[in-house]
*Asks:* 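Structure in structure tokens, see below.
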Amino acid sequence: MNSEMKVSVWRGDESGGFETFTVPTQESQTVLDVVAWIQQNQDYSLTYRYACRVGMCGSCAMMVNGKPRWTCRTHINKVVVDNKLEIAPLRNLPVIKDLATDMDVFFDKWIAAEGLHHPSSTRDDPIEMIDPESPNRQQANAGIECINCAVCYSSCDTVNNNPDYLGPAALQRAWTVYNDAKDNDKDKILKSVSGSGGCHNCHTQGSCSLYCPNELKPMEAIAGLKRASIMSLLKRGK
Amino acid sequence: MSIIGNIERTDTDILILGSGGAGMFAALHASQKAPAGTRITIAVKGLLGKCGCTRMVQGGYNVSLGHGDTVERHFMDTINGGKWLPNQDMAWKLCEQAVVRVRELENEIGCFFDRNRDGSLHHKAFAGQTADRTVHKGDLTGIEIINRLMEQVLSRPIEKLQEHRAIGLIPSKDGAALAGVLFINMRNGKLRLVRAKTVMMGTGGGPTMYKYNTPSGDKTMDGLAMALRLGLPLRDMEMVQFHPTGLLAGEHTKMTGTVLEEGLRGAGGQLLNDTNHRFMFDYDERGERATRDVVSRGIYAEMRKSNQPEGGGVFISMSHLGPDVVRKKFSGMVKRCADSGFDLAGGLVQVVPTAHYFMGGVVVDPDTRTAMEGLYVAGEDAGGAHGSNRLGGNGVANSTVFGGVAGDVMASDVRKMNTLRDPDEAVLAAEIERAMAPLHIKPGNVQALRQELQEAMWEDVGVMRTEFGLNRGIERVHAIKQELMSTGVESGNLAFNLTWHDWLNMSSLCDVSEVIAKAALARDNSRGAHFREDYPDSGSMLDSWFTVARKQGNDIEVVREPVQFTLVKPGNTILPSHEPETLVGAN
Amino acid sequence: MLDIRLYMLQRLTALIMAPLTLVHIALMIYAIQGGLSAAEILGRTQGSIFWFFFYGLFVASVSIHAAIGLRVIISETLKVRGTQLTILSWAFFLIALYMGAKAVIGVTLS
Amino acid sequence: MIKPHRKHPLWLAYLLHRLSGLGLALFLPAHFYLLSLALNQPDRMDKYLGWGENPLVKVAEYGLVFLLAIHLFGGLRLMAFESLEWSNNQKTAAACSIVAALAISTIFFLRAI
Ligand SMILES: Cc1cc2nc3c(=O)[nH]c(=O)nc-3n(C[C@H](O)[C@H](O)[C@H](O)COP(=O)(O)OP(=O)(O)OC[C@H]3O[C@@H](n4cnc5c(N)ncnc54)[C@H](O)[C@@H]3O)c2cc1C
Ligand code: HEM
Ligand code: SF4
Ligand code: F3S
Ligand code: FES
């Protein structure tokens, strides 16, 4: 690899544009390191976001060469082509400045999908016995390690086309909660994912499952919700 | 001074700083217990739930919920681990309430911790414990805890101020109580004063002034620096916990310093020096499986011996266990190393001790109250629960337990507080002035100073300390702070101006670094995480004392206060006499 | 833009059409092979109740199915929403149904 | 141009399904119109069918059946994925449906000639 690369970085808000920097390449260097290097050495005003730097917090995701990725865990060898790199803020979210987006809608939808626990017991009750190998638990476990990085959300064109669409991460969370033996309001979940922004809008584009850095499968979770909601409609008329 | 008239001013009743385990639980409990109509606000330096260290918890959460374990046993382990320095009432509350908190997390918040085949909670054994006590969700326990908490907070009418960085605690006019908190709204660069009847600070400490460190990037000791400026007493400030195996990948990458999990050593991982010698047995008969502090010192000593110009670390080797086995058992770690270009399963990965957790913090009572009315502190910002060393698994227990306590206590205390207090405008003006100072001087390289500070602390106030080194460290920190005060930041656009925040980070880090060094100088013995080469002895347990530091004018004053053995004295135990010493391996 | 009702309708109609379409394609292959004329087609189908129901069902299904499909495409690409969208989808449905019905009647009944 | 994040089989299958559905929906009224002509003006219909000898129209017809076949198999693939417990063979299924569609329409095309 060359000892330098040309990095185009998005500047400004939605109406901004790319600016190009020359960045020295290093042996162990992630895309996040590239961005930080520019801020620390070339342009003090560059804005980006990160926290954990090890792929746990999901706050560093950006578009790298047009594909959404977690940048703290993306080695530049994986993405640099012809000594060039293009870095932009995540798609499908409002841009605050440069590489930082406003993730509020993403989380509003998470809650709107009822992606939260509906308790069936309290802190005074014992911990519920749950067989880790039971089919429901397996389904719930499949999506539980989501770090809400919004990579899937920004890869999905249905999100882009339909502002009401809850999106893959929120729906996957709803599916996880739905399969949790401890959850007490499954009807509420099905209801909230069956509306005009719900799971039935998913066209199985598959980008969500392809790009999820944790190899989760929101597409399959959404199919699960479609099934469950239809079954419930057929069985009970709701 | 005109800026002070320009800042935004808003009010709330209960204000919470930080969205780690402490902040989230405080917000939840406050919203459950406070009288109807109480306004609750949570302000955080990053995005809600997506910053701080609780999210990064890997190993798990200590709770005595099985295998014959008891609160008493958990308590005794905590006291022994902290080498008799913990505040015993806090430690007791920690162990006792952890049981309630884990049930709350499971039953009300919706966390799912790993189960045994029979459906019961799975507990694993963390080092330094006499029972299998640690509940976990794989090795991503923190994500599970914080995500579930985040959902609950987001679904409640709790005001959130994201990317609002607290920069000053503002007392009331008479100085008797806290009036509010000064923030920078990072997104637009504007200042905002939020008045509140009660404020809980849970900004999570974070020893990121060391060359190698594990915490999330947003943590820079802001809370402790603010408390220091307010004149509050801070305890155990010399106690910095190093994790023995941080990844070493070069100075230019943020991957450096991040934790390679404890389990690697537990499973038989070997530490080799640059001559391929497995050195840990030279230091301790338990070899790589010795406690964190011992292994950290072993590695540090080895690094000093080899004296490589590059400052290289030592190597962790797993391949003798069979690369495929390693790949399967530690898939997360193997992938993470691969992402920075290293082969953990088959090759050698360079590691160094890395600053991990800060035991020191604001002096609080077991109800999280501080010396100042209206201010509560919980989580890593609070001192006392761990004493000189924190057991693995007690960190997140501490932040969630005391965060919840703070929420409950504030919810009841606000009932007695009828009005908001008026801020001391002079302090407010001074805090604004302090934060804006770098914007008026010639811009310079803040990052270079951060590196200098991290070198200085690593070399002189690090894993092994001496009087000479500590004094030199203090001087170096002073010089760096001075340099910082004459280093400016480009002020053209204050919206999301990270370099301005880097500057403010440095300011907090310098202030607290000085306190760490001075407290370390005051402790002329070696306890827990604090090791003095010139005083290797631990001192008399019965006469144990802890350091209390506070700001006096421009100086830091450090005094010793005796530990009150309110529940158990050194040499004794509260375990019934028939109890075995350890339950690990018994079942 | 697609709630569970519309989704069900779209899938249901698709399921109905799938076998019908296969039969229709097979028929066309067979017909074209023999060289096709209007009279031939009509001869086969006219006056047949079976073909009336066969194509009638197809027309009903396809009108619903395509109207819902277009509704989604229109809303997603042209950002048309609300009443406007409802009017458009109904309009397509009714036109398709009307034209389809005319064709089926013409081909099978008269 | 196809944006980078879209360059993968499932997204292309989605695009294909949408375009084929759209094509069919636009063709449908025309087709019905033509058939209803059979009722009123059988001559004109014969004239149209006469065009069938025209290679261009052949290609167009080939295209229409192709669309129908693609859409049919794509739709079945989708519904199978949605309603059966999921399988990991999505991509294979997508590919197979296209192949099958091609095969059917090729048979049709060859026989027509
Ligand atoms: C890699 C790693 C692994 C760990 N593993 C374990 C483990 O297995 N078991 C265990 O028990 N403990 C573990 N710990 C320790 C544990 O994470 C912490 O002790 C605990 O989570 C601290 O919680 P907290 O709420 O006090 O702070 P944090 O969770 O760190 O939260 C601090 C919050 O305050 C915010 N903040 C900071 N400054 C400001 C400011 N100026 N204004 C506003 N907000 C601010 C931060 O952004 C953040 O939201 C680990 C720590 C790390 C770093
Ligand atoms: C023959 C059997 C058919 C089957 C099995 C079928 C199946 C489907 C399915 C499952 C969808 C939903 C796609 C999605 O949500 O992404 C769909 C969409 C659609 N169908 Fe069909 N269909 C059939 C016939 C037709 C016909 C004959 C037409 C038109 C005349 C048609 C027009 C459409 C349109 C316009 C869409 C919308 C495409 C989109 O949303 O991307 N379909 N079809
Ligand atoms: S599903 Fe994957 S890509 Fe989507 S938010 Fe969760 S971790 Fe990120
Ligand atoms: S990318 Fe979007 S359309 Fe569905 S399969 Fe994933 S949510
Ligand atoms: S910085 Fe946390 S996921 Fe990248």
Side-chain angles (χ1 to χ4, degrees), chain C residues 7-8 10-15 17-22 24-26 28-43 45-46 55 58-59 62-63 65-74 76-77 92-93 95-110, chain D residues 17-53 58 61-62 64-69 71-80 82-83 100-101 104-113:
Chain C
Y7 170 89
M8 287 264 287
Q10 197 184 34
R11 295 327 188 244
L12 208 66
T13 49
L15 279 178
M17 283 188 299
L20 302 185
T21 313
L22 283 173
H24 179 73
I25 291 182
M28 284 300 122
I29 290 174
Y30 170 70
I32 282 188
Q33 222 182 359
L36 205 61
S37 80
E40 271 175 321
I41 294 181
L42 293 178
T45 56
Q46 260 174 352
Y55 284 112
F58 180 82
V59 162
V62 86
S63 310
H65 181 90
I68 296 174
L70 282 181
R71 177 190 155 89
V72 172
I73 295 181
I74 289 171
E76 287 192 358
T77 46
F92 180 87
F93 167 66
I95 292 172
L97 190 66
Y98 171 73
M99 294 179 71
K102 249 178 75 177
V104 172
I105 290 169
V107 172
T108 62
L109 284 194
S110 51
Chain D
H17 192 71
R18 170 156 288 193
L19 292 179
S20 59
L22 187 63
L24 287 172
L26 297 180
F27 159 72
L28 178 75
H31 187 65
F32 286 160
Y33 174 69
L34 180 80
L35 283 172
S36 57
L37 283 183
L39 181 65
N40 305 323
Q41 294 145 298
D43 318 345
R44 274 183 69 187
M45 185 165 168
D46 268 339
K47 208 165 148 212
Y48 167 80
L49 290 173
W51 295 346
E53 304 305 317
K58 277 227 171 93
E61 273 169 3
Y62 166 76
L64 286 171
V65 178
F66 178 64
L67 283 186
L68 195 58
H71 191 80
L72 169 69
F73 280 93
L76 290 177
R77 168 193 75 92
L78 255 178
M79 288 189 291
E82 286 174 344
S83 47
I104 288 196
S105 36
T106 310
I107 292 170
F108 172 68
F109 191 53
L110 289 179
R111 292 204 163 184
I113 298 174

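In what follows, chains carry the letters A, B, and so on, assigned in the order in which the sequence lines appear, proteins first and then strands, with residues in each chain numbered from 1.
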*Asks:* Step by step, would you call C:Glu76 with D:Arg18 a side chain to side chain contact (heavy atoms under 4.5 Å, CB included)?
*Replies:* CA-CA 12 Å; C:Glu76 287 192 358; D:Arg18 170 156 288 193; 3.1 Å; yes
*Asks:* Need one label for C:Tyr98: side chain, backbone, both or neither, based on atoms under 4.5 Å from any heavy atom in chain D.
*Replies:* neither
*Asks:* Scan residues 21-32 of chain D for pairs that pass salt bridge (charged side-chain N to carboxylate O under 4.0 Å, His left out), counting only residues two or more places apart or in two chains.
*Replies:* none
*Asks:* Say you draw a straight line from NE2 of D:His71 to CE of C:Met17; how long is it, rounded to the nearest 0.5 Å?
*Replies:* 6.5 Å
*Asks:* Could you check if a side-chain atom of D:Phe32 sits within less than 4.5 angstrom of a side-chain atom of C:Val62, using non-hydrogen atoms only?
*Replies:* yes
*Asks:* Kindly give the heavy-atom pair with the smallest separation between D:Tyr33 and C:Met99, and that separation in Å.
*Replies:* CB-CE, 3.7 Å
*Asks:* Below 4.5 Å from any heavy atom of chain D, which atoms of C:Tyr7 appear? Answer side chain, backbone, both or neither.
*Replies:* side chain
*Asks:* Determine all donor-acceptor pairs shorter than 3.5 Å in which one atom belongs to a side chain in residues 22-30 of chain D; sequence neighbours excluded.
*Replies:*
none

